[in-house]
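Atoms within a ligand are numbered from 1 in the order they appear, just like the ligands themselves. Positions are given from 1 along the sequence. Please read all numbers here as calculations on a predicted model, not as lab measurements.
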Amino acid sequence: MLSKHRVDIVAVTKVAHGDPKFAEIMNLAGIEWLGDSRIQNIVRMRRKGVDKRILQIRSPQISEIALSVKHADAALITELEIAKRIASQSKRADKKFGVIVMVELGDLREGLMPDEVVPFVREISNYYLDFLGIGTNLGCYGGVLPTIDKINVLLSLRDNLIDSGIDVPVVSGGATDTLSLIEEGRVTGINQLRIGEAIILGRDTTGNRNIPYLNKDTMLLEAEIIEIKEKASKPYGEIGRDSFGNIPVIDDLGTRKRAIIALGKQDVDLGHLVPLDPDVKILGGSSDHIILDIHESEIDYKVGSVVQFLPRYPSVLKLMGSPYVKRVYIP
Ligand SMILES: *Cc1c(COP(=O)(O)O)cnc(C)c1O
């Protein structure tokens with residue numbers, strides 16, 4: 001879909017914690033660029049022999065610039081000090097490093113204010129760097145949606161730069177949340193998107209939609225039942241706080257059949273887990289236990305049975321980082 005609109009994909013591996021297997025699959029799919037925010041993930045991919053170009057999608061820290069220049073090919077930047085340090089490290093390593101200058105368009109995470117962009121790029125064009133272009137990121141902190149107005153700000157900055165004699169090969173127009181604008185053919189001029197969630201889950205959380213032409217069942221979580229009992233639904237006794245400091249408010253639905261699975265808040269985000277059995281409800285949990293209401297289910301669960309879930313983005317992020325969760329790849 002994107003190549004039809006002449007948009008390159010940076011396949012973002014961060015939700016998979018830079019899993020080299022993911023990188024390998026992207027390679028087979030013909031992807032040219034990978035993106036990750038963490039230098040540790042990038043280094044791990046390199047050690048596993050991943051030789052694609054890698055864009056570091058969070059600004060390098062000053063303390064890790066030598067590693068970034070060594071293992072990545074380019075980074076998103078917003079600070080002159082970082083640009084200077086990258087340039088001097090690039091010179092030392094004799095490796096010209098690419099930078100994409102990020103522009104703040106309302107989401108209020110990283111980025112220069114639009115009126116600072118031209119002077120900033122003018123300044124860094126004197127440095128030993130490869131200025132690749134400009135980019136933006138929306139939908140992360142402020143939940144701000146990419147709209148044509150926002151993209152137009154980016155495109156007019158590109159034009160200003162070109163007018164002042166600076167080449168702008170890349171306009172990196174966003175992430176999964178920007179796909180819908182491209183699909184509808186409503187924007188032209190963006191030529192790169194940095195895509196994680198759409199590839200891994202076929203979903204767009206910011207736009208709150210399942211992407212119709214992508215697979216949604218790419219990741220499956222299985223957890224084993226360690227207890228099944230009929231219990232009251234409302235906790236009894238004097239109520240303080242739960243193990244995360246919250247005061248629980250739990251309705252009384254009478255006695256219910258419940259199951260506990262051997263998984264907890266350190267492995268998943270309970271609000272972002274969809275049981276495949278539609279009659280299973282997630283009641284809550286703590287660090288190592290998740291409690292399910294299985295009262296209405298037609299499946300005859302037993303201790304040792306496996307319950308399946310589709311994990312959404314925040315859960316995938318935790319699951320892929322949890323050393324307690326075994327990964328099985330199904331070709
Ligand atoms: C995480 C991230 C992406 C990828 O976002 P998805 O919503 O997973 O596509 C792209 N760019 C930046 C800067 C990011 O931090």
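Residue contact check for ligand 1: Arg58 places no non-hydrogen atom closer than 4.0 Å to it. At a 4.0 Å cut-off, at least one heavy atom of Arg109 sits close enough to ligand 1 to count as contact.
Considering all non-hydrogen atoms of both residues, Phe120 and Val101 come closest at CE2-CG2, 3.7 Å. Considering all non-hydrogen atoms of both residues, Leu253 and Arg256 come closest at O-CD, 3.8 Å.
Counting heavy atoms of neighbouring residues, nucleotides and ligands inside a 6.0 Å radius, atom CD of Glu230 exceeds 12 of them.
Taking only non-hydrogen atoms, the option from Thr178, Asn137, Asp177, Leu138 nearest to atom 12 (C) of ligand 1 is Asn137.
Each of the following atoms of ligand 1 lies closer than 4.0 Å to a heavy atom of Leu76: 13 (C).
Looking only at heavy atoms of the protein, atom 11 (N) of ligand 1 is closest to Arg194 NE, 2.8 Å. Regarding atom 8 (O) of ligand 1, its nearest protein heavy-atom neighbour is Glu197 N, 2.8 Å. Summary of contacts: the protein heavy atom closest to atom 5 (O) of ligand 1 is Ala175 CB, 3.3 Å. Nearest protein heavy-atom contact of atom 15 (O) of ligand 1 is Lys14 NZ, 2.8 Å. For atom 9 (O) of ligand 1, the nearest non-hydrogen atom of the protein is Thr176 OG1, 2.6 Å.
Side-chain atoms of Asp204 and Thr176 include no donor-acceptor pair closer than 3.5 Å.
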- request: Verify side-chain hydrogen bond (donor to acceptor under 3.5 Å, both in side chains) between Gln56 and Glu64, making sure each step is shown before the conclusion.
  value: CA-CA 12 Å; Gln56 190 168 7; Glu64 69 186 24; 3.1 Å; yes

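Pairs passing the side-chain hydrogen bond (donor to acceptor under 3.5 Å, both in side chains) check and including a residue from residues 307-325, sequence neighbours excluded, read Glu222-Gln308, Asp267-Ser322.
In this structure, Arg38 has no side-chain hydrogen bond (donor to acceptor under 3.5 Å, both in side chains) partners at least two apart in sequence or on a different chain.
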